[in-house]
Amino acid sequence: MSLATLSLTQASRLLQRGEISSRELTRAALDSIAAQNGRLNAFLFVDEPGALKQADAADESRKRKAAPSPLSGIPLAVKDVLTVAGMPCTCGSKILENYIPPFTATAVKKLQEAGMVVLGKTNTDEFAMGSSTENSAYGVTRNPWDLSRVPGGSSGGSAAAVAARMACAALGSDTGGSVRQPASFCGVTGLKPTYGRVSRYGLVAYGSSLDSVGAFGRSAQDVAAIFSAMQGSDPLDATAQNLPAGEISLEAPDNLQGVRIGVPKEYFIDGIQPAVEKKIREAIALFEQLGAEIIEISLPHTEYALPVYYLIAPAEASANLARFDGVRYGPRAEAETMWDVFTKTRGEKFGDEVQRRIMLGTYALSAGYYDAFYGQAQKVRTLIKRDFEQAFSLVDAIACPVAPTTAFPIGAHGDDPLAMYLEDVFTLPANLAGVPGLAFPVGFDENQLPVGMQLMGPHFAEAALLRLAHAYQQATEWHLAILPPL
Amino acid sequence: MEYEVIIGLETHIQLNTSSKIFCSCKTNSWEAAPNTNICPVCTGMPGVLPVLNERVVEKGVLLATAMHSQAQPVSFFDRKNYFYPDLPKGYQISQYDRPLATGGYMDIPSGEGTRRVGIWKMHLEEDAGKTKNEMGLRLIDFNRCGVPLVEMVTAPDLRSADEAAAYLTRLRQLLRWIGISDADMEKGQLRCDANVSLRPLGATYLNPKTEIKNVNSIEAVRDAIEKEILRQTHEYEAGRKIESWTLEWDEDTQTLKKMRSKETEADYRYFREPDLLPVYLTDEWKAAILQDFPELPQERRVRFMREYALPAYDAEILTSERSLSDYFEAAVKAYAGDPKRVSNWLLNDVMRMLNESGQTAGQLALIPAYLAEIITLVDSGVVNASTGKTLLEKTSVTGKTPRQIVAAEGLAKVSDDSAIRAAAQQVIAENPGEAAAYRTGKTGLMGWFVGQLMRKMGGKADAPKARAIFEELLA
């Protein structure tokens with residue numbers, strides 16, 4: 001058995017006991033990448049010498065009984081929208097081809113300081129805009145459960161890497177579901193923290209008021225360890241909250257007596273894949289068996305989340321992506337005038353979906369349209385936030401599907417961006433409200449594809465969500481399911 | 001036809017914080033090589049975020065208070081979107097509909113009276129970099145990116161080029177007085193765009209205005225506005241209309257050039273900066289900022305005239321600069337005599353020393369107490385006036401008290417008749433020709449004789465006494 005099959009929690013225990021070394025564990029991860037990445041295309045960049053060097057340093061410090069944390073020596077994959085000094089950061093785009101940032105994202109830095117070993121950078125939809133990883137300029141990532149299908153997106157590379165045992169854990173980013181939906185499609189556990197809980201410094205911005213850095217692992221326990229280490233305030237991010245860090249205790253309670261779980265009726269709509277609804281209902285029933293009280297609730301403005309998101313996120317993106325002009329980094333198109341250099345570089349190097357969202361956002365902010373589009377969207381966003389505030393006055397968590405379907409075939413949404421946008425219909429509201437969301441596997445559909453459940457909680461209630469998922473995972477084995485041989 | 005001139009000014013004030021508005025880079029790049037005071041944040045590398053330097057807000061609040069503006073308890077930053085190679089993020093972080101302060105005014109001298117110039121708003125923003133073309137290349141220096149600016153817009157209340165210049169002079173004085181900007185226009189620390197329009201005298205409507213950019217001194221602002229008033233007058237006289245152009249002042253040729261028509265201006269697509277929190281100016285914070293807020297120059301000028309019975313001219317000059325006016329008051333307190341005497345010494349002699357050395361009054365080794373001591377020594381006849389003036393320099397150089405210098409160098413005035421008489425006799429003996437000339441009526445030589453005597457006695461003789469003795473001896 002390869003060490004690559006170890007979960008983060010198992011690997012941590014063995015490392016601390018001295019039964020394995022970080023070099024062995026890292027070597028196994030690198031070998032797993034080498035064996036599988038050709039067909040999965042989960043990694044865009046692998047830093048083998050760097051990873052082994054960090055592994056040796058971790059072994060060295062552990063020998064001196066100076067390991068900085070239980071995470072020390074554990075291999076980590078990083079989505080290619082987060083900077084790591086010295087490694088390329090393409091954001092899945094041609095416009096950042098060969099760009100190497102001079103600084104490391106705070107979330108990554110905190111994990112490196114905890115001793116984690118950064119293996120490399122994982123594939124993403126261009127600038128995190130997409131739900132399938134098909135929008136990457138560097139080729140689609142394939143779903144390890146079925147190579148003809150997408151891994152979800154935009155953090156598809158990270159989700160596939162964890163599912164395929166190429167890394168114990170991975171970082172992603174979630175602006176509208178980009179951690180939770182690929183976690184669901186790939187059968188792993190993925191957390192989108194509260195907005196502001198993890199520093200965004202070093203995360204290449206897409207929708208700044210929605211972006212959050214999230215984590216993937218094989219279980220709630222794995223994710224809890226990563227999340228505790230990377231969350232917290234940052235002098236480089238004014239929106240990062242200063243809250244007590246603390247280890248998250250996952251001592252599973254004997255039962256979930258007293259826990260109230262809300263089930264929003266708006267999340268069980270026509271068009272949801274029957275097997276998805278069935279598995280989610282079964283999982284809810286299990287929570288009830290474990291002692292939780294199940295309450296039907298309403299989030300009445302849910303139907304507006306999609307249009308609101310597709311005004312706010314592109315508007316912010318239109319400004320965030322203005323810096324990619326070919327002047328300071330990345331490739332520059334040759335042209336006669338300065339303005340032609342700008343337009344030609346952007347026209348040639350940004351992909352279609354990115355250009356579509358930049359135009360959408362520019363339009364929504366334009367004089368004469370602002371009030372009707374961006375301004376109106378901000379007002380409705382407030383109503384969506386209020387839905388959640390009201391719901392969380394009644395329940396401790398909300399349970400619902402992550403996505404209406406399981407992983408779909410590559411190319412299924414072809415030239416239909418709207419169909420693709422609908423993939424995020426259950427995940428967008430959490431970003432608009434800034435609340436945390438956790439995705440974890442609760443079974444398989446008729447094609448043996450993983451189904452994911454989403455738990456959402458009040459601001460800063462990540463620990464509560466992780467405890468609920470942990471209780472579920474103590475009672476089930478879906479998160480331990482092994483990939484079919486491909 | 002008679003026209004009324006309508007002018008509004010938009011000023012950009014560079015705040016003199018030590019670090020930039022959203023990162024910790026140094027702001028002062030006056031002597032720095034290009035692109036040396038930069039970091040990932042101010043050059044807008046992918047993934048960076050701005051973090052507000054609170055000193056910028058504090059200096060903004062000082063300015064708002066000095067301009068009688070209302071600093072807002074909550075204000076917001078916004079993104080102003082436009083593409084330019086020296087704007088690395090493709091947007092400028094600025095303020096828009098909820099700026100740091102609104103309203104306010106400044107009074108400026110106008111003819112015999114004063115004119116109150118209204119302030120519409122003042123907001124905080126980051127500066128952009130600098131672009132220049134050289135050897136067929138477009139070169140960009142990002143050092144200035146992220147240097148904090150206040151943009152302050154006046155109401156169209158100014159009525160002449162002279163008033164515009166007076167406004168800028170008063171503003172520059174005020175900025176230095178409250179210590180928030182060095183306000184050197186040639187270094188770009190104070191920049192000014194002027195909006196100019198004309199209308200028939202007595203009309204209440206406003207005609208289209210033109211905006212003049214790129215003026216780098218108060219004189220240039222005056223010159224450019226005067227040129228534009230002439231141009232607009234000619235256009236109206238010729239029956240033509242004025243279009244809303246943006247004009248650029250060319251300092252070398254002293255002419256205005258059309259930059260663009262207003263109609264083609266960009267849509268900046270402002271929206272709230274999601275990376276920054278609202279600026280909450282709490283009562284406690286505001287009180288702490290204003291704890292040592294100084295008396296302002298105009299108030300002090302009026303008080304000097306009232307309290308010290310100074311002429312308007314003296315009060316104006318003494319309050320032109322805060323350090324000088326503080327110096328004056330300290331010297332008056334130490335002197336305890338007629339404040340006008342202190343003012344005379346300051347205006348005639350100390351100001352010359354300041355101009356020659358480039359120091360401010362506060363930097364002089366000749367502290368106010370020493371100046372008071374020197375004036376007292378002269379008043380009480382211990383030294384004569386010319387010795388008093390040399391004491392100014394000597395105190396500045398040695399740092400010793402005037403009395404110590406007088407004692408050490410034996411500078412006390414000689415009033416002893418016999419000593420003066422002996423020296424006078426010596427002068428007459430050595431200069432028989434001049435003595436003869438005087439006796440034949442060339443009495444204009446008296447000053448020369450006294451001068452010769454002073455040289456012999458090291459300037460210490462009592463001059464009136466010496467004159468009397470010469471008159472007697474040469475009779």
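Since the structure is predicted, the reported quantities are computational estimates derived from the model, not experimental observations. Chain identifiers are assigned alphabetically (A, B, ...) following the order of the sequence lines, protein sequences preceding nucleic acid strands; residue numbering begins at 1 within each chain.
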Should A:K94 and A:E97 count as an ion pair when the cut-off is N to O under 4.0 Å?
-> yes
Pair B:R191 + B:D127: basic N to acidic O under 4.0 Å | yes
Portion of [X] that has a non-hydrogen atom of chain B nearer than 4.5 angstrom:
| X | result |
| --- | --- |
| A:S209 | both |
| A:A315 | backbone |
| A:F103 | side chain |
| A:D211 | neither |
| A:Y195 | side chain |
| A:P102 | side chain |
| A:A319 | both |
| A:F324 | side chain |

Any chance you could lay out the side chain to side chain contact (heavy atoms under 4.5 Å, CB included) test for B:Q92 and B:E126, step after step, and finish with the verdict?
-> CA-CA 7 Å; B:Q92 179 190 28; B:E126 58 178 342; 3.9 Å; yes
Name the member of B:P274, B:P40, B:P46 that forms the most heavy-atom pairs with chain A at distances under 4.5 Å.
-> B:P46
B:R138, B:M45, B:E273: which one forms the most heavy-atom pairs within less than 4.5 Å of chain A?
-> B:M45
Please tell me whether [X] and [Y] have a donor and an acceptor in their side chains that are separated by less than 3.5 angstrom.
| X | Y | answer |
| --- | --- | --- |
| A:S155 | A:K79 | yes |
| A:S158 | A:T122 | yes |
| A:R200 | A:T239 | yes |

Count the heavy-atom pairs under 4.5 Å between each of [options] and chain B, then report the option with the highest count.
| options | result |
| --- | --- |
| A:T106, A:L82, A:T83, A:L236 | A:L236 |
| A:D237, A:D325, A:L96 | A:D237 |
| A:V327, A:N320, A:V81 | A:N320 |

What's the spacing between B:F77 CZ and B:I21 CD1 if we round to 0.5 Å?
-> 4.5 Å
Under 4.5 Å from a heavy atom of chain A, the part of [X] involved:
| X | value |
| --- | --- |
| B:D275 | both |
| B:I140 | side chain |
| B:Y82 | neither |

Assess the pair A:Y370 and B:Y270: is the distance between their ring centroids shorter than 6.0 Å?
-> no
Do we get B:K89 above B:Y91's six-membered ring, with its NZ or CZ under 6.0 Å from the centre and within 45° of the axis?
-> yes
Does NZ or CZ of B:R272 lie under 6.0 Å from the centre of the six-membered ring of B:F76, at an angle within 45° of the ring axis?
-> yes
